[in-house]
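All values derive from a computational prediction rather than experimental measurement.
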Amino acid sequence: MIKKFIRRILGTKQKTGDHTQPVTLTAKEHRIDPKLVSANAIRVTSTLQEAGFKAFLVGGAVRDLLLGVKPKDFDIATNATPEQVKKLFRRAFIIGKRFQIVHVMFGQDLLEVTTFRGSSSEGAPKDEHGRVLRDNTFGEQHEDALRRDFTINAMYYDPATQTVLDYHGGIADIRNKTLRIIGVPEARFREDPVRLLRVVRFAAKLNFAIAPETRAPIAIMAPLINNVPTARVFDEMLKLLMSGYALACLQQLRKEGLHHGLLPLLDVVLEQPLGEKFVRLALASTDERVKQGKPVSPGFLFASLLWHQVLEKWNAYQAAGEYPIPALHLAADDVLNTQTDKLALQRKIASDMRDIWAMQPRFDRRVGKTPYKLLEHLRLRAGYDFLLLRCASGEIDSEIGEWWTAFIAADGPGREELLAKKPATANEAPAKKRPRRRSRARKPAAGTAGTSE
């Protein structure tokens, strides 16, 4: 009895290494709070079970429940095929090429339902590096557990019986705060190199130690990330940076030697006092917003991470004789073009980044109607927050940020008073006008030169 109880609590396996039979943990043993489980997730599992199928919460949701944290997303695993799942729900959509899954929608709530995956087939299409390109092989639950990446993500929870099925000692690793990959690490990383980034994200977010055998091949196999489609790398980087532990994740990336190439020159920026302080402030601010449940803009985040590369090029273009505003746009083009080769930055995100960067020289011009025009900008808040980061890092005088804080908060007379008290400085004087070509007889419109409008 005692041995059986200890085996259930620690999730230990038989010496034979047989992972076809799980250790079953009861509600008293795993202590998951049912109140943390989404009502819609229970609705999906119960609907599948009533139709005669097996259905469990799986992956990160179970891991978080075991840690006493309310999961943000609930994934369901079942022995029903995607087509069978789709028939049971009014708003269900089959997606995916590499492996088909079903998205079940309840209002704005999206739940991901996957069919138990079978043992990896030797016939599955792979590239020359061993990365699996497409694999829609279905199988038994124990095979599905073997296909999952880490032991802590390979447990199944049945809300109906409130039992947890543990095939690979995940409960023991959770209690020991250890991150361990299932199977041979080299082979699993080669199958899907994105796991190299996932191991970093989970280690930093959960404050878990990476098991020695899991960590050993990471630095050596890091170049395999270059073989992953840029869209997948970008999605994983976004999860990493918006996890609420972005700073810890970047530190872990550097520790494991995975930062090179993901954000070009980021490692160099973090070694420069001014750049390091700016990036740390930006990431700390992002982490705080995530923990407070506030929205985070990917555009603002990437604009912050890449700002000092833009700044370096901006200064270089100006030193070469280019006007400030065109120089800034050229610098932004250079940086974003470099990123396109490494990360699939969505057009909306890249546009937000450009807007934030382009607003910065306009904050210097605190005369005439320019400040009022800037107040009407759709990205004012993002640009203003970015300005405050520049002030806090010591890049520019904090007085600029203080002036704009007062100007935004003031009423009409208060704003006029601020403008009257602030005479134009050399930086705020209108930019030199370019020589005009007299290609037309009519007089050129006034007031259009030297602005970023």
Side-chain angles (χ1 to χ4, degrees), residues 8-9 11 13 18-89 92 94-96 99-106 109-119 136-174 182 202:
R8 283 186 172 184
I9 292 298
K13 296 292 179 181
D18 179 16
H19 297 293
T20 60
Q21 297 299 319
V23 169
T24 302
L25 302 171
T26 66
K28 286 186 178 180
E29 293 164 342
H30 59 65
R31 298 180 181 179
I32 287 177
D33 183 356
K35 295 179 182 178
L36 296 177
V37 181
S38 158
N40 287 330
I42 295 175
R43 183 176 172 182
V44 172
T45 56
S46 62
T47 298
L48 286 164
Q49 289 169 353
E50 289 168 5
F53 300 108
K54 294 180 180 179
F56 302 84
L57 300 186
V58 70
V62 181
R63 178 197 69 225
D64 290 346
L65 288 170
L66 288 167
L67 292 170
V69 177
K70 183 176 178 61
K72 290 184 178 179
D73 302 300
F74 289 87
D75 295 340
I76 292 98
T78 178
N79 61 344
T81 65
E83 291 76 13
Q84 290 170 327
V85 174
K86 188 176 186 299
K87 291 179 181 179
L88 293 174
F89 300 95
I94 298 176
I95 68 167
F99 188 83
Q100 286 187 333
I101 60 178
V102 182
H103 280 173
V104 179
M105 302 288 296
F106 295 99
D109 192 9
L110 184 151
L111 293 98
E112 192 170 281
V113 183
T114 60
T115 303
F116 292 150
R117 291 174 292 180
S119 299
N136 283 309
T137 303
F138 303 136
E140 300 296 324
Q141 187 171 12
H142 68 272
E143 294 177 303
D144 184 75
L146 186 63
R147 292 286 301 275
R148 296 191 177 270
D149 47 12
F150 306 108
T151 60
I152 62 172
N153 291 338
M155 290 177 283
Y156 302 77
Y157 176 64
D158 182 358
T161 62
Q162 294 188 35
T163 55
V164 170
L165 304 184
D166 180 8
Y167 285 88
H168 294 277
I171 191 69
D173 282 340
I174 280 182
I182 296 172
F202 289 137

Task: Set of side chain to side chain donor-acceptor pair (under 3.5 Å) partners for Thr114, sequence neighbours left out - done: none
TODO: For atom NZ of Lys87, decide whether the heavy atoms of other residues, nucleotides or ligands shown that lie under 6.0 angstrom number more than 12.
DONE: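 12 or below, so no.
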Open item on the list: Can you confirm whether Gln84 is buried at CD, in the sense that more than 12 heavy atoms of other residues, nucleotides or ligands lie under 6.0 Å from that atom?
Closed with: yes
Shortest non-hydrogen contact between [X] and [Y], atoms and distance:
X	Y	result
Leu36	Phe74	O-CZ, 3.4 Å
Glu140	Glu143	N-OE1, 2.7 Å
Pro159	Thr45	CG-OG1, 3.9 Å
Ala154	Ala145	CB-O, 3.9 Å
His30	Gln162	NE2-O, 2.7 Å
Pro22	Leu165	CB-CB, 4.0 Å

Do the side chain of [X] and the main chain of [Y] share a donor and acceptor less than 3.5 angstrom apart?
X	Y	value
Thr115	Ala80	yes
Gln49	Ala55	yes
His168	Phe150	no
Asn79	Lys54	yes

Decide yes or no for [X] and [Y]: does some side-chain heavy atom of the first lie under 4.5 Å from some side-chain heavy atom of the second?
X	Y	result
Val23	Ile171	no
Ile76	Val85	no
Phe56	Val62	no

Open item on the list: Is it the case that the ring center of His142 lies less than 6.0 angstrom away from the ring center of His19?
Closed with: no
Please round to the nearest 0.5 Å and tell me the distance separating atom [atom1] of [X] and atom [atom2] of [Y].
X	Y	atom1	atom2	result
Thr47	Ile42	OG1	CD1	11.5 Å
Ile101	Leu111	CD1	CG	11.5 Å
Tyr167	Met155	OH	CE	13.0 Å
Leu25	Leu66	CG	CG	8.0 Å
Ile32	Leu67	CD1	CG	10.0 Å
Glu29	Asp166	CD	CG	11.5 Å

Open item on the list: side-chain contact (heavy atoms from CB on, under 4.5 Å) for Tyr157 and Val37? Distances and angles first, verdict last.
Closed with: CA-CA 10 Å; Tyr157 176 64; Val37 181; 4.0 Å; yes
Task: Of Arg148, Gln141, Arg147, the residue whose pairing with Asp144 passes side-chain hydrogen bond (donor to acceptor under 3.5 Å, both in side chains) - done: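 The single option meeting the side-chain hydrogen bond (donor to acceptor under 3.5 Å, both in side chains) with Asp144 is Arg148.
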